[in-house]
Structure formats: structure tokens, C-alpha cells
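Just below is one structure, and these are the notes that go with it.
Small disclaimer: the values here were computed from a predicted structure and weren't measured. Just so it is clear: chains get the letters A, B, ... in the order the sequence lines come, proteins before strands, and each one is counted from 1.
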Amino acid sequence: MESAASKSAQLNRNGAEELPAGSLEEKLALAEKEGRQLRVKLGLDPTAPDIHLGHTVVLTKLREFQDLGHRVVLIVGDYTARVGDPSGRSETRPVLSDEEIIANANSYEAQAGQILDRDPDRYELRFNSEWLEMPTAELLALLRTTTVAQLLEREDFANRYKGGTPISLLELLYPLMQGYDSVAIQADVEIGGTDQTFNILLGRDIQRHYGLPEQAVLTMPILTGIDGVEKMSKTKGNEIAIEASADEMFGRTMRLPDEAMENWFALLAIPAPADGIGPRDAKVALAKAIVERFHGSGAADAAEAQFVSQFVDHETPEQLESFAFSAPDGAVHLPAALADAFGISRSEARRLVEQGGVKVDGAVLDAKQLDVDPGLLSDAVVQIGRRRFKRFELEP
RNA sequence: GGCGGGAUGUCCGAGUGGUUAAAGGAGACGGGCUGUAAACCCGUUGGCUCUGCCUACGCAGGUUCGAAUCCUGCUCCCGCCA
């Protein structure tokens, strides 16, 4: 059997930080000695049901714990979501209804199930309303554990406090509630992104106040989005959803700047290709590995072939959606037809034509001619830019 | 409770009476180039029946030949003092 030390090293290999250093090994050794599983916690925000590669970094790490025989405890933050987080001043987050929270949690669970082992012996799903719906006296006991000074140590709070940006009392309470989750489920280990470091560490303090052993903390680096700079997030549109099609996953991965590849290989736990391989080929390997993980190896090969055909050889895809148009007046007004076919505005369609961005059966359309003969478009492949295609068919 | 600041296009952010569909940036899109949907360069970026017309600078009114810009009221947000 592997030693606790080597398991810990393995788990740490692509992590950001283990806090305190060595704590993970201690927990692993303890579990072994007592012959029990570790309870490994991950908190979920039930507002975002679409999970993307960024979320999988942490999930993949959880899976590694499961594969070592430990038990993952996912906590759906239904109570905290119900309170509604007024973070920042711009947009107030909508307060979710119970139904939405449950739907989101189910959806998340289904998606996370692609990565986690849902064997009930190694997997547990809990809602934090179960324990956070507490009498005021208990809430006060929780509040007694932490001081304002402690909370203001957190960088973003500190900056906002200094800069005069509002900090809602609720926001200050969040870390406490998250920490209490660890108390409630008796977490041995908590995993999270580096942006969660403060909150997870506060969980240790809170556990101590409740007379419990403090959890080990393992933070994972943040996966950059396909822009290679910012954190992957749906709001920024730089995500790869795990429910995306194979072609889209492949293509979006190929859009990743070269410099960001290393980050992706490490965090997604994909073996990096040998030295000396060109960046393009490395990126192809990355894209294939990602597609393979979610769609299987056949789909990965197909996605590569499709990508090469469309973007390297500039061939027209074989499978095209068709669009039926009609020409009652004997002529077709291009901006209108393109707008209907591709879901863009007529002005935008007009600009595309004028910029030489529209092709019919491979030939660039004349920039000046906005009304065309129906015969030109009938049963023709109309292409906008490099990646939008439709087969036009004349309606009788 | 008192005082002050703010609300602009997808986002950030200039703009204090006219040449402003509104600087600049980001993002997005198109073109070129290429090893990719990388990078880099150029262009476009409210809508439309498009040499013009319509709609737009928190909301509702008003002043003016003319307002994002001035006035009044309202809504929301923020800071400071208490």
C-alpha cells in the first residue's frame, strides 16, 4: 500500500497550496490508522447550473480522493443562495426560489457525475439549509467565533473597505456560514479554488471554536478562460461548458493562447506532450484530450478531423442546417434573408456583405449588390465569416 | 437626520447648449496573414424600406431655433458627518 506521504504528494502535485503544510499527509495517515474514510468537502454555488472546465479542476481533484477510497461531501449552498448575495454595488443577484435551487442542484449533480464517482459509499450531497436554518441563539454563537478585524484581513474586503466601496453585512457573514458547513459535516479536508483560501481557512478557526479537529485545506489554482487571462466564467463568455458539443470544445480549446496551455495541461490533469512538439500540435493534443474526457475518443478524432477540414483546409462542413427562403417579388433582399437565416440584424447583415464576409458556394458576394436573383441562393451554401454556414433552399 | 456625489451605447468610461449615433478602451464581428477559432495588422460595431429616416445618454415634464449637456419633480445608487 502506498504511504500517506506519497499519496499526499500525488494529491498536491498540481495544487496551489496545502494549508497548513503537511496537514494533508497527517489526515491521510490518521484515516489509515483509524481505518476510516476522510470526509472531503466542496461547497457549491447553486446559482450556476452550467459547469465548465474551471469547475472540473476541483471536481477532478475530488475524484482523486474518491479513487483513494475517501468520501466526497458536496454541499449545495441553498440557504446562502436564498439569502441572496448583494455583492458589489452593480447588480443585485436574484434571490432564487426553492424550485430553482433544487433544479440547479440536480443539474449540477448530473454534470458533476461525469467526473465524480457517485457510489453512495464515496459520495454525499447535502443542502446547507439543513443546519443553517438555525435559531438566533445559535447564530449568535457562530458570530462569536469571528471578529471584524479577522474578516477585514481578506484582501478584497480590505481593499473595498479602504476604497470606500460598500461591503454588505451579508457578505461578511458568508465566510462564517461556509465555515459552519465544515462544522456541520465534520470535514477533514476542504478543497476549493485559490480564491476561496480565506473562507476555507476561516472554516478551520470555526471548527476549532466548536471543539472539532481543523480541516486540512487544499486549494487549486484558477483555470484561465479561453482568453488565457481571466478566470474562466460564464459571465465573461470565456468558458468551455462540459455540456458543449465535441466540435465546440475542440474549437474553443484551439482558441486558447499558446502561453496558457501549460496552465490547462496541469490543472486538467492531462499529461503534457513531449518537449519539442510544436505549440499547434500541443494544442491539438490538449483539445483532443478534453473532448475525449467528455465525449469519448471517437468523438475526439472526429472533432479534430472536422476542425482541420473547416479551419485549415477551409472546406465546407458536410452537415449543414438548411434555411428556407422565399422570393415572392422575384428578387431576394440579402440583408433580410441573411438576418433571418443567421439571427442577426439586417444592418449587421448588410455590413457583412459590404465587408466581403459573405460567400455563396465559396464565392464572395458583390459588396454592392443587396438584391439578388433567387437562383443564386437556391440550393446554395451560404457562409458568413469563417464558421457560420447554412444551406439555402428556395421555398416554392 | 444633515451635506455632497452619481445614473451614458454589450461592458468600462469621456463628454456641461449646436459639426454627438455620442471620444477612448474592452469585448464581439469581418478581412488579411498564419501553425489554430493563437499572435499580429486593417476595418466594422443602435435600428431600418439607407446618399435618407427612426430611436438612444435613469424616469416624467420644462426652457431653447437647438439639450446627454440648463431648470423642476421623481426613482435608484454611493460617500461623508451625526
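Comparing G17(B) with A67(B), their C1' atoms are spaced 6 Å from each other, to the whole Å. A56(B) and U45(B) have their C1' atoms separated by 16 Å, with the value rounded to a whole Å. G18(B) and A82(B): their P atoms are spaced 42 Å apart (whole Å). With C1' as the reference atom, U69(B) and A14(B) are 13 Å apart, rounded to whole Å. Look at the C1' atom in both A23(B) and G5(B): the space between them is 24 Å, to the nearest Å. Nucleotides U55(B) and A22(B) place their C1' atoms 14 Å apart, quoted to the nearest Å. Nucleotides G25(B) and U44(B) have their P atoms positioned 12 Å apart, rounded to a whole Å. Separating the P atom of G6(B) from that of C40(B) is a span of 37 Å, rounded to the nearest Å.
Listed by chain and number, the hydrophobic cluster partners of V381(A) are L320(A), F389(A), where partners are ILVMFWY side chains within reach of under 4.5 Å, directly or through others. Counting side-chain heavy-atom gaps under 4.5 Å among Ile, Leu, Val, Met, Phe, Trp and Tyr, the cluster of F325(A) also holds F323(A), V332(A), L334(A), L338(A), F342(A), I344(A), L352(A), V353(A), V358(A), V360(A), L365(A), L370(A), V372(A), L376(A), L377(A), V382(A), I384(A), F392(A), L394(A).
Going from atom NZ of K288(A) over to atom P of U36(B) covers 16 Å, rounded to whole Å. One interatomic measurement links the two molecules: CG of L352(A) to P of A28(B), which rounds to 16 Å at whole-angstrom precision. At whole-Å resolution of the value, CZ in F342(A) and C1' in C29(B) are 14 Å apart. Between E304(A) atom CD and G35(B) atom C1' the separation is 13 Å, expressed in whole Å. In this structure, Q306(A) places its CD atom 15 Å from P of U36(B), rounding to the nearest Å. For L334(A) and U49(B), the CG to P distance is 12 Å, given to the nearest whole Å. Between the P atom of G30(B) and the CD1 atom of I384(A) lies a distance of 8 Å, rounded to the nearest Å.
Side-chain atoms of Q66(A) and D117(A) include no donor-acceptor pair closer than 3.5 Å. Side chains of E190(A) and S182(A): a donor-acceptor N/O pair is present below 3.5 angstrom, by distance only. Donor-acceptor pairing under 3.5 Å is recorded for the side chains of S309(A) and E315(A).
If you check every strand for non-hydrogen atoms under 4.0 Å, S347(A) touches a base. Contact annotation for P335(A): no contact, since no heavy-atom pair falls under 4.0 Å across all strands.
Taking a cutoff of 4.0 Å between a charged side-chain nitrogen and a carboxylate oxygen, E64(A) and R13(A) qualify as a salt bridge. Ion pairing between E321(A) and R391(A) fails under the 4.0 Å rule for side-chain N and carboxylate O.
In this model, the phosphate group of U36(B) is not approached by any side-chain N or O of T253(A) to a distance below 4.0 Å at OP1 or OP2.
If R346(A) and R280(A) are placed on RNA chain B by their nearest nucleotide, the residue sitting closer to the 5' end is R280(A). When each of A336(A) and G278(A) is assigned the nucleotide of RNA chain B with its nearest heavy atom, G278(A) is the one assigned upstream, toward the 5' end.
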Could you run through nucleotides 37-44 of chain B and give me one letter per nucleotide, 5' to 3': B if any protein heavy atom sits under 4.0 Å from the base, S if only the sugar-phosphate is that close, - if neither? BS----BS
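Applying the ring pair (Phe, Tyr, Trp, His ring centres under 6.0 Å) definition to pairs two or more places apart or across chains, those involving residues 229-252 of chain A are F250(A)-F307(A).
No donor-acceptor pair closer than 3.5 Å links the side chain of Q383(A) to the backbone N or O of G362(A).
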Secondary structure string for RNA chain B (Watson-Crick or G-U under 3.5 angstrom, | for other-strand pairs): ((((((((.[[[..)..(.....]]]((((((.......))))))(((...)))...[[[[[..)....]]]]]))))))).
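Legend: residues meeting salt bridge (charged side-chain N to carboxylate O under 4.0 Å, His left out) with D227(A), ordered by chain and number and at least two apart, are absent.
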